[in-house]
2 protein chains.
Amino acid sequence: MSSEKLKNTGLKITSARLAIFRIFENAPDKHLSAYDIQDLLKEEDIDIALATVYRVLGQFEEADLIQRHDFDDEKALYELHDGKQHDHMVCERCGNVTDFFDGEIEKRREDLLASHGFTLSGHRLVLYGVCSSCAN
Amino acid sequence: MSSEKLKNTGLKITSARLAIFRIFENAPDKHLSAYDIQDLLKEEDIDIALATVYRVLGQFEEADLIQRHDFDDEKALYELHDGKQHDHMVCERCGNVTDFFDGEIEKRREDLLASHGFTLSGHRLVLYGVCSSCAN
DNA sequence: TTTATTGCAAAACCTTTGCATGTAT
DNA sequence: ATACATGCAAAGGTTTTGCAATAAA
């Protein structure tokens with residue numbers, strides 16, 4: 001249940017936080033910007049100031065409920081942090097983001113980072129290409 | 001020589017373009033922001049408006065002289081486009097960028113993109129971790 | 001009632017753009 | 001002489017912040 005996870009963060013259970021968290025639960029595997037979230041809520045006649053959306057997103061990220069990604073030079077995208085690690089494939093044309101998991105590249109990635117003195121934090125790997133819709 | 005490559009772009013050879021291109025040639029493997037470039041030039045008592053730096057960077061990128069990267073939510077970084085393909089390792093704490101090349105992950109990347117209907121464009125792959133300086 | 005949260009407006013920040021002036025060809 | 005580059009100031013877009021009003025504990 002939504003409020004359970006929220007309570008564990010120590011944050012107060014407010015309607016804004018519940019509404020925003022519900023958006024993520026209803027859109028798993030989606031990558032949403034602060035504007036996307038505000039728009040989705042507006043469709044339900046829920047009006048939340050953008051400043052609040054940003055603040056709540058920051059708090060959720062701090063609490064490891066969601067992950068923030070800066071894939072391109074546009075808006076930051078957020079997604080539910082579900083524990084299952086996965087990486088991302090980003091279309092350089094339209095910005096479309098596709099999740100994937102690959103054990104082999106995963107292992108290689110760990111070796112590479114380690115051999116350069118990097119330690120793992122999170123598991124982020126991003127591949128850039130052009131998606132099929134944009135390729136024609 | 002600098003002016004050779006510049007001439008091939010069809011752009012006029014101006015002092016601003018020469019100065020900016022020289023910065024890149026003198027700092028291979030470095031990833032510089034527009035501000036970095038302006039600062040480096042200021043140290044040589046060369047004053048170029050930020051708007052010009054941005055415009056020139058855009059033109060250089062268009063001409064494939066340099067590459068633009070948006071690794072995080074901060075400033076865009078530019079580096080010389082030397083032909084040798086390589087990927088990047090980014091420290092999530094300090095933003096430090098390290099180049100690397102790995103044939104195995106390279107091949108795996110191509111397979112992965114293809115199997116998801118993505119086509120290659122450029123060869124961008126980014127690993128995120130924490131560098132040794134930030135790890136302590 | 002005490003403390004945290006929200007909304008609003010304004011600011012911060014990077015990046016782009018309009019326009020008049022200056023420079024390369 | 002013509003076309004393109006530059007500087008300046010202003011605007012654009014996303015994200016953050018100050019502060020008074022409001023809601024959660």
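Every chain is numbered from 1, with letters handed out A, B, ... down the list of sequences.
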side-chain hydrogen bond (donor to acceptor under 3.5 Å, both in side chains) with B:Lys42: which residues, sequence neighbours excluded? none
Starting at NE2 of B:His69 and ending at P of C:dC14, how long is that distance when rounded to a whole Å? 19 Å
Would you mind reading off the distance between A:Phe71 atom CZ and D:dT14 atom C1', rounded to a whole angstrom? 17 Å
Starting from the first five and the last five pairs of the helix from C:dT1-D:dA25 to C:dT25-D:dA1, work out the angle between the resulting helix axes, to 10 degrees. 30°
Kindly write out the residues that satisfy side-chain hydrogen bond (donor to acceptor under 3.5 Å, both in side chains) with B:Glu43, not counting sequence neighbours, or none if the list is empty. none
Where at least one partner belongs to residues 60-75 of chain A, residue pairs that pass salt bridge (Lys or Arg N to Asp or Glu O under 4.0 Å), sequence neighbours excluded: A:Arg68-A:Asp70, A:Arg68-B:Asp73, A:Asp73-B:Arg68
Between A:Arg22 and A:Glu44, is there a salt bridge with N-O shorter than 4.0 Å? yes
Let me have a per-nucleotide readout for nucleotides 20-25 of chain D, 5' to 3', with B, S or -, counting only protein heavy atoms under 4.0 Å. ----BS
Taking only residues two or more places apart in sequence or in another chain, which ones pass salt bridge (Lys or Arg N to Asp or Glu O under 4.0 Å) with B:Asp36? none
Residue set satisfying side chain to side chain contact (heavy atoms under 4.5 Å, CB included) with A:Leu80, at least two apart, ordered chain then number -> A:Phe21, A:Phe24, A:Ile66
Send over the distance from A:Ile46 CD1 to C:dT6 C1', rounded to a whole Å. 15 Å
Can you tell me which residue pairs pass the side chain to side chain donor-acceptor pair (under 3.5 Å) test with a partner in residues 49-58 of chain A, sequence neighbours excluded? none
Sequence neighbours excluded, which residues qualify as side chain to side chain contact (heavy atoms under 4.5 Å, CB included) partners of B:Ala63? B:Thr9, B:Leu65
Check salt bridge (Lys or Arg N to Asp or Glu O under 4.0 Å) between B:Lys107 and all other residues, then give those that pass, not counting sequence neighbours. B:Asp111
According to side-chain hydrogen bond (donor to acceptor under 3.5 Å, both in side chains), who are the partners of B:His88, at least two apart in sequence or on a separate chain? B:His31, B:Glu79, B:His86, B:Asp99
Per-nucleotide protein contact string for nucleotides 15-22 of chain C, where B marks a base within reach and S marks sugar-phosphate only (heavy atoms under 4.0 Å, - for neither): BBBB----
